[in-house]
Student: 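Take this structure first; my questions come after.
In this chain, residues are counted from 1 in sequence order. These figures come from a predicted structure and were not determined experimentally.
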Amino acid sequence: MSIDPFSPLVLPRGPVLPNRFVLAPLTNQQSHPDGTLSDQEYRWLTMRAEGGFGLTMTCAAHVLASGQGFAGQLGIWSDMHFAGLTSLAAGLARGGASAVQLHHAGMRSPADLIGGAPACPWDDEETGARALSTAAVEDIIEAFVVAGIRAERAGFGGVELHSAHGYLLGQFLDSEHNHRSDRFGGSFANRRRVLDTIIDRLRERTAPDFQIGVRLSPERFGIDTAEALELAGSLMTSGRIDYLDMSLWDCWKEPLDPRFAGRPLIEWFAGVERGGTPLGVAGKIMNGADVRRAFEAGVDFTLIGRGAILHHDFVRRVAADREFEPIARPVAPTHLEAEGLSEGFIGYMKNWKGFVSA
């Protein structure tokens with residue numbers, strides 16, 4: 001029997017989530033150019049918290065100015081961001097739990113945004129990124145930890161470490177390109193060392209009930225699916241994190257790696273030993289039937305992206321109708337405006353084929 005998605009979710013640490021729906025960390029390009037919180041982003045996020053999500057997560061928040069990944073990105077690298085973060089944490093507390101996703105774009109940082117060449121674990125000819133020195137890697141580890149402490153001080157219940165989608169923490173996990181000769185490259189143990197070290201130091205320097213989650217990708221961007229499964233299992237059974245968020249792009253597709261053909265991605269990761277750590281998935285969970293299907297596959301919670309963009313109260317709508325179907329796409333800009341998206345966010349969503357009408 002699958003878990004009821006509306007039952008409380010007890011995490012190893014911190015507050016109990018009132019249900020098993022998490023707002024996916026969604027790029028929305030609504031912060032001010034310096035990374036401070038805007039009224040538009042505050043409205044977008046607090047509407048989702050009030051709409052029933054058990055945990056509302058911010059978009060990726062960059063931990064260093066030099067790690068910015070997109071225009072209008074929320075920042076958490078300076079105390080100038082603190083007032084906005086504090087206000088946001090208080091606003092989200094009117095719903096369920098809250099978390100900041102911590103992020104560094106690495107080679108994917110646009111040069112025009114950061115004022116120079118981006119950095120990553122290796123010299124990358126395609127992007128012009130320069131290889132980080134060992135000392136620079138240590139500085140980035142510390143930046144993630146300090147950002148986590150800042151989130152805790154601001155009143156958030158936890159943080160999620162963005163180690164997916166080919167951003168910096170995922171770049172270190174890249175088996176195809178990260179051949180560094182220091183302790184942060186080469187072997188799998190070395191390539192995961194940055195992530196492991198950040199987790200350990202956050203545990204040492206935050207309160208015992210502060211929640212730490214991790215987002216991983218299962219493939220692409222140099223990620224080996226076998227290693228992703230091993231990493232997922234070792235993190236969940238380690239007792240060091242409070243949840244694992246697998247961003248699968250499409251829960252229902254089979255892995256690209258032929259070694260894992262015959263079963264969808266969600267089943268591969270739902271079958272990993274968890275040791276009491278909840279597992280969540282994101283990827284084309286769009287309606288009530290998809291939610292039911294995900295829980296039947298054996299996950300502990302779901303992360304909702306596009307459904308939450310279309311309906312701030314997606315959770316309440318599914319509670320009222322387990323077969324709930326979101327509004328048909330493309331949707332009018334006026335619908336998205338009513339759902340708390342700013343003009344800039346709506347413009348960004350127009351890049352998603354078939355999502356917004358002209």
Side-chain angles (χ1 to χ4, degrees), residues 5-6 19 21-61 69-75 84-85 87-96 98-101 110 113 165 247 249-250 282-291 302-358:
F6 295 94
N19 60 53
F21 291 84
V22 174
L23 177 68
L26 293 164
T27 299
N28 59 72
Q29 298 189 340
Q30 294 182 120
S31 288
H32 295 302
D34 63 1
T36 54
L37 182 77
S38 70
D39 292 343
Q40 296 168 331
E41 189 156 16
Y42 178 90
R43 178 173 181 250
W44 145 256
L45 287 167
T46 54
M47 280 183 70
R48 272 72 201 162
E50 293 166 1
F53 281 90
L55 189 154
T56 302
M57 197 176 302
T58 70
C59 71
F70 51 88
Q73 185 174 9
L74 183 66
L85 292 168
S87 172
L88 180 58
L92 296 181
R94 296 198 297 268
S98 63
V100 180
Q101 189 189 61
L113 283 182
H165 304 171
S247 183
W249 290 291
D250 181 347
K284 296 191 176 179
I285 301 173
M286 284 294 300
N287 53 36
D290 290 338
V291 170
T302 56
L303 295 105
I304 308 299
R306 283 169 291 179
I309 292 172
L310 294 169
H311 300 284
H312 75 282
D313 55 351
F314 178 92
V315 178
R316 290 181 179 164
R317 289 173 181 261
V318 175
D321 176 8
R322 298 299 176 103
E323 302 301 319
F324 170 69
E325 283 284 348
I327 185 173
R329 297 169 300 285
V331 296
T334 52
H335 172 83
L336 296 177
E337 183 179 357
E339 288 296 328
L341 279 71
S342 67
E343 183 179 353
F345 193 0
I346 294 170
Y348 171 72
M349 293 308 303
K350 288 181 178 179
N351 296 322
W352 292 28
K353 185 177 179 180
F355 201 90
V356 185
S357 61

Student: By ring-ring contact (aromatic ring centres under 6.0 Å, His included), which residues pair with F53, not counting sequence neighbours?
Tutor: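 Expected list: none.
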Student: Which residues pass the side chain to side chain donor-acceptor pair (under 3.5 Å) test with T36, not counting sequence neighbours?
Tutor: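 Checked T36 against side chain to side chain donor-acceptor pair (under 3.5 Å); matches are D34.
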Student: For V22 and M57, work out which heavy atoms get closest and say how close.
Tutor: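 V22 and M57 have their closest heavy atoms at CG1-CE, 4.2 Å.
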Student: Please enumerate all residues that pass side chain to side chain donor-acceptor pair (under 3.5 Å) together with Q40, with sequence neighbours excluded.
Tutor: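 With neighbours one apart ignored, the set is empty.
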Student: Show me the pairs that pass side-chain hydrogen bond (donor to acceptor under 3.5 Å, both in side chains) and involve residues 321-332, at least two apart or across chains.
Tutor: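 Every side-chain hydrogen bond (donor to acceptor under 3.5 Å, both in side chains) pair that includes a residue of residues 321-332, provided the two are not neighbours, is N287-E325, R292-E323.
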Student: Could you pull out all donor-acceptor pairs under 3.5 Å where a side-chain atom in residues 334-341 meets a protein atom, sequence neighbours excluded?
Tutor:
unit_1 : atom_1 : unit_2 : atom_2 : d
H335   : NE2    : L310   : O      : 2.8
E339   : OE1    : H312   : N      : 2.6
E339   : OE1    : H312   : ND1    : 2.8

Student: Enumerate, atom names and distances included, each donor-acceptor pair closer than 3.5 Å involving a side-chain atom of residues 349-358, sequence neighbours excluded.
Tutor:
unit_1 : atom_1 : unit_2 : atom_2 : d
N351   : ND2    : Y348   : O      : 3.3
S357   : OG     : V331   : O      : 3.2

Student: Suppose we screen for salt bridge (Lys or Arg N to Asp or Glu O under 4.0 Å). Which residues come up paired with R317, at least two apart in sequence or across chains?
Tutor: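 Listed in chain order: D313.
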Student: Could you tell me which residues satisfy side chain to side chain contact (heavy atoms under 4.5 Å, CB included) with A60, sequence neighbours excluded, listed by chain and number?
Tutor: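 For A60 the side chain to side chain contact (heavy atoms under 4.5 Å, CB included) partners, ignoring immediate neighbours, are Q73, Q101, H103, H162.
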Student: Output all residues satisfying salt bridge (Lys or Arg N to Asp or Glu O under 4.0 Å) with D250, sequence neighbours left out; order by chain, then residue number.
Tutor: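 Partners of D250 under the salt bridge (Lys or Arg N to Asp or Glu O under 4.0 Å) test: K284.
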Student: Between side-chain atoms of residues 24-32 and protein atoms elsewhere (two or more places apart, or another chain), which donor-acceptor pairs fall under 3.5 Å?
Tutor:
unit_1 : atom_1 : unit_2 : atom_2 : d
N28    : OD1    : Q30    : N      : 3.2
N28    : OD1    : Q30    : NE2    : 3.2
N28    : ND2    : L26    : O      : 3.2
N28    : ND2    : E41    : OE2    : 3.3
Q30    : OE1    : S342   : N      : 3.0
Q30    : OE1    : S342   : OG     : 2.7
S31    : OG     : E41    : OE1    : 2.3
S31    : OG     : L74    : N      : 3.4

Student: What pair of heavy atoms forms the shortest contact from L88 to L45, and how long is it?
Tutor: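 Looks like CD2-CD1, 3.8 Å.
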Student: Can you name the residues that form a side chain to side chain contact (heavy atoms under 4.5 Å, CB included) with N19, not counting sequence neighbours?
Tutor: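 Partners of N19 by the side chain to side chain contact (heavy atoms under 4.5 Å, CB included) criterion, ordered by chain and then number, come out as F21, V315.
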Student: Does L23 offer a backbone N or O that forms a donor-acceptor pair with the side chain of R48 under 3.5 Å?
Tutor: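 Looks like no, no N/O pair under 3.5 Å.
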Student: Could you tell me which residues satisfy side chain to side chain contact (heavy atoms under 4.5 Å, CB included) with A49, sequence neighbours excluded, listed by chain and number?
Tutor: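 Partners of A49 by the side chain to side chain contact (heavy atoms under 4.5 Å, CB included) criterion, ordered by chain and then number, come out as T56, L92.
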